[in-house]
Trainee: 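Structure incoming, see below.
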Amino acid sequence: MRYLITSALPYINGIKHLGNLVGSQLPADLHARYLRARGEEVLFLCATDEHGTPAEIAAGKAGKPVAEYCAEMHAVQAELAKGFGLSFDHYGRSSSPENHALTQHFAGRLDENGLIEEIIERQVWSEADGRFLPDRYVEGTCPNCGYEAARGDQCENCTKQLDPTDLIEPRSALSGSTDLEVRETKHLHLLQSRLRGELDAWIDGQDGWPVLTTSIAKKWLHDGEGLQDRGITRDLDWGIPVRKGSEPWPGMEGKVFYVWFDAPIEYIACAGEWAGAHGLGEAGWRRWWRTDEGAGDVRYVQFMGKDNVPFHTLSFPATLIGSGEPWKKVDYLKSFNYLNYDGGQFSTSKGRGVFQDQALEILPADVWRWWLLSNCPESSDSEFTWEGFQQGVNKDLADVLGNFVSRVTKFCRSKFGEAVPEGGAWGPQEEALAARLEGLVREYEAAMDAIEVRRSARALRAIWVAGNEYLQEAAPWAAYKEDPARAAAQVAVGLNLARLFAVLSAPFLPFAAERLLGALGAQAEWPGDVAEALRALPAGHGFAVPENLFAKITDEEREGWQARFAGTRA
RNA sequence: GGCGCUGUAGCUCAGUUGGUUAGAGCAGAGGAAUCAUAAUCCUUGUGUCCGGGGUUCGAGUCCCUGCAGCGCCA
């Protein structure tokens, strides 16, 4: 079995906050790291989602050409991902040549299979801007209430739904120009409603998917008039030019595919980018994505926030199914709720909450990883508070895990020197510890296998606690006075526990685990038999006392951050 | 307005297909220990499981309804 893992593609228009991280990339990374640690072959992909009007607007604000803006933001996001330890095998771009070709290919296939319809729409054209102005890019006077700053999609004053062509004295929201006219323009629609039965059956065939995932999918399939066909093209410059495979699409010159159509295809194209970067050729990536070219043994898992579920359960599968080609479809779709910030929502526009660059600026990545994963919004929305965050990470990381490593390594250094001491045989306490850990480790593995993130974190923490319990009960500092050999055996177990903790914790805390393993001069080898793992470091094996693994967050720091990230609440 | 989600100990949350005295972590209280980042370990929970009906031998767990918070859509 090989494992293909993707996390939802972050949009390109700026730095994301922690809420974006917790719902997709972080748990996906946890899963990828765990499977690799178990010796599995993994391909973990992510990319920036770069097309669409918001990217153009953001680039405009930054005063840069959109391609240049996207390239820069991609580099920024890639650097942040690296900072958080996200172990993507490739971090791609939806604007890549690979995605251009593949998106055009899919559109061509869908058309051949009669799933594309050309529709004439009436849109507002701005002479001054030289472009069509969809929805809110037109402003004017509301025909209903007379409000003068109504937007093309809705009047904020009377809440009436509007069409851009309804507005009185319309003007461009971009340039303010009133030189507007209504023009007819042709667009492609994907007839996904025709695939409703197949999608429905496919969803029904999925066993054990999170309720959140299937209920959202079912709602969109069955509610109201059922699954709606959707436009897949736009009158924009920035995007993938509309083509039928490698052929031109008559009548669609100058138009691009709509972002929701090309973004998920980037999951596939990204594998192509990855293969290209590693000289693996076409077959190198197709063995992950084509069931007729080797992907029969691939298990594909997607991670995303709940807002992304409809695209991943319906639109993207519709594209794959509609192509009539044997593309790999998702086997398990892990979806997350929202993380709230101190009683409200994270808000990009209000500057409320902690953004990724700020998070890394104030604390190490592992601290964020641990709190976000162990409190991720798995079954319902969850809440970030500074008090809870401070208490949680101080207790779990500094006190329970970090301090365990300190007490063992420092006690050993002071009594036996910086090497695993030669000691007596195991007694009942050591046997009991091994038996206890055997159960806990299997429980941890079961939770990780099931991608139950919070349960995994709880199980891992229980393992750390078991180490402290053992040490407290064995009390080598007391034994040392009567029976130094006994104390030596206990310390040897303690040092091996530290190694075991590092190995098991690595998916959650990759940086700390690496530092700890480095100090212990040990290798990351996933434990089979725990009793055996507790003897991995032999007597005489040298080590160094590591610097404190985790510094505690002080009250002063917490208060400062609380004020700094409060944003401008209304 | 329609649809959906949530409402369990002071806080953050678990609670499998309805079944014995409703759980965990944190915080609080008491104690042990002193190797360690004043860090650990043990003991300690009389909770109207939001309110009200109902189904059932039995409901936090199912149905109806009310309230509160949130989200999506029109």
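Note on naming: letters A, B, ... go to the chains in the order of the sequence lines (proteins, then strands), and numbering restarts at 1 for each one. All of these numbers come straight from a predicted model, not from anything done at the bench.
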Trainee: When A:F384 is tested against each of A:F565, A:W561, A:W371 for ring pair (Phe, Tyr, Trp, His ring centres under 6.0 Å), which residue passes?
Mentor: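 Filter result, single survivor: A:W371.
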Trainee: Check whether more than 12 heavy atoms from other residues, nucleotides or ligands sit under 6.0 Å from atom CD of A:E559, and answer yes or no.
Mentor: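 Enclosed.
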Trainee: If you draw the axis of the six-membered ring of A:Y258, does the NZ or CZ of A:R234 fall within 45° of it and under 6.0 Å from the ring centre?
Mentor: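 Judged by the rule (NZ or CZ under 6.0 Å from the ring centre, within 45° of its axis), A:R234 counts as positioned above A:Y258.
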Trainee: Round to the nearest Å and state the distance from A:E387 atom CD to B:G28 atom P.
Mentor: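 Atom-to-atom, A:E387 to B:G28, this comes out as 14 Å.
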Trainee: If we take the C1' atom in both B:A59 and B:G2, what is their distance in whole Å?
Mentor: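 These two C1' atoms come out 30 Å apart once rounded.
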Trainee: Can you tell whether the side chains of A:R33 and A:D29 come within less than 4.0 Å, N to carboxylate O?
Mentor: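 Salt bridge flag = yes for A:D29 with A:R33.
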Trainee: Classify the nucleic acid contact of A:R461 as base, sugar-phosphate or nothing, counting any heavy atom under 4.0 Å across all strands shown.
Mentor: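 Result for A:R461 = sugar-phosphate.
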Trainee: Provide the distance between the two P atoms, one in B:G51 and one in B:C41, to the nearest whole Å.
Mentor: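 Between the two P atoms, the distance is 36 Å.
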Trainee: Show me the donor-acceptor pairs, under 3.5 Å and distance only, between side chains in residues 481-492 of chain A and residues at least two apart or in other chains.
Mentor:
| from | atom 1 | to | atom 2 | distance (Å) |
| --- | --- | --- | --- | --- |
| A:D483 | OD1 | A:A485 | N | 3.4 |
| A:D483 | OD1 | A:R486 | N | 3.2 |
| A:R486 | NH1 | A:E430 | OE1 | 3.4 |
| A:R486 | NH2 | A:Q429 | OE1 | 3.3 |
| A:R486 | NH2 | A:E430 | OE1 | 3.2 |
| A:R486 | NH2 | A:E430 | OE2 | 3.1 |
| A:Q490 | NE2 | A:A474 | O | 3.3 |

Trainee: For B:C70, which nucleotide in any strand shown is its Watson-Crick or wobble partner with both distances under 3.5 Å?
Mentor: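 Its partner is B:G4 (Watson-Crick or G-U wobble, both distances under 3.5 Å).
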Trainee: Taking the P atom in each of B:C62 and B:U16, what is the distance between them to the nearest angstrom?
Mentor: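 Between the two P atoms, the distance is 9 Å.
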Trainee: Does A:E438, at its CD atom, have more than 12 non-hydrogen atoms belonging to other residues, nucleotides or ligands within less than 6.0 Å?
Mentor: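 More than 12 heavy atoms, drawn from other residues, nucleotides or ligands, come within 6.0 Å of this atom.
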Trainee: Can you tell me the distance, in whole Å, between the CG atom of A:N337 and the C1' atom of B:C13?
Mentor: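 Whole-Å distance recorded here is 13 Å.
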Trainee: Whom does B:A33 pair with, Watson-Crick or G-U wobble, provided both distances fall under 3.5 Å?
Mentor: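 The base-pairing partner of B:A33, which may sit in any strand shown, does not exist here.
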Trainee: Could you tell me how far B:A32 sits from B:G58 if I compare only their P atoms? Round to whole Å.
Mentor: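 Between the two P atoms, the distance is 50 Å.
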Trainee: Grab the CD-P distance between A:Q390 and B:A27 for me, whole Å please.
Mentor: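 Distance check: A:Q390 CD to B:A27 P gives 11 Å.
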Trainee: Could you state the CD-C1' distance from A:E443 to B:A24, rounded to the nearest angstrom?
Mentor: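 These atoms are roughly 12 Å apart.
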Trainee: Does any nucleotide pair with B:G60 by Watson-Crick or G-U wobble geometry, both distances under 3.5 Å, and what is it?
Mentor: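 WC or wobble partner does not exist here.
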Trainee: Using the P atoms only, state how far B:U61 lies from B:U6, rounded to an integer number of Å.
Mentor: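 B:U6 and B:U61 have their P atoms separated by 13 Å.
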Trainee: Between B:C11 and B:A27, how far apart are the two C1' atoms, rounded to whole Å?
Mentor: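 B:C11 and B:A27 have their C1' atoms separated by 7 Å.
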Trainee: How long is the line joining NZ of A:K306 and C1' of B:C73, in whole Å?
Mentor: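 Roughly 14 Å, once rounded to whole Å.
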Trainee: In the structure shown, which nucleotide is the Watson-Crick or G-U wobble counterpart of B:U46, with both distances under 3.5 Å?
Mentor: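 B:U46 is paired with nothing.
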Trainee: What integer distance in Å separates A:E452:CD from B:G15:C1'?
Mentor: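 Distance, rounded to whole Å: 13 Å.
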Trainee: Could you check A:G392 against A:R458 and say which one's nearest nucleotide on RNA chain B is further toward the 5' end?
Mentor: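 That would be A:R458.
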Trainee: Is A:R458 salt-bridged to A:E378, going by a charged N under 4.0 Å from an acidic O?
Mentor: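 A salt bridge is absent here (no side-chain N lies under 4.0 Å from a carboxylate O).
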Trainee: Round to the nearest Å and state the distance from A:L373 atom CG to B:U12 atom P.
Mentor: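 Roughly 20 Å, once rounded to whole Å.
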Trainee: My understanding is that a pair needs two contacts under 3.5 Å, Watson-Crick or G-U wobble. By that rule, which nucleotide pairs with B:A24?
Mentor: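 Its partner is B:U12.
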Trainee: Judged by atom type as modelled, is there a donor-acceptor pair below 3.5 Å linking the side chain of A:H31 to the main-chain atoms of A:V453?
Mentor: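 Not a single qualifying donor-acceptor pair exists.
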Trainee: What's the CG-P distance between A:L372 and B:C13, to the nearest Å?
Mentor: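 Taking atom P of B:C13 as the reference, CG of A:L372 is at 13 Å.
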Trainee: When you check every protein heavy atom under 4.0 Å of nucleotides 34-43 of chain B, what one-letter string (B, S, -) results, 5' to 3'?
Mentor: SBBB-SBSS-
Trainee: Base, sugar-phosphate or nothing for A:S382? Non-hydrogen atoms, less than 4.0 Å.
Mentor: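 Touches sugar-phosphate only.
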Trainee: Please determine if A:K552 and A:D399 form a salt bridge, counting it only when a charged side-chain N lies under 4.0 Å from a carboxylate O.
Mentor: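 Yes.
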Trainee: How far, in whole Å, is B:C50 from B:U8 if one measures between their P atoms?
Mentor: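 Their P atoms lie roughly 6 Å apart.
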Trainee: Distance check, P atoms only: B:G28 and B:U20, in whole angstrom units.
Mentor: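 One P to the other, the span is 33 Å.
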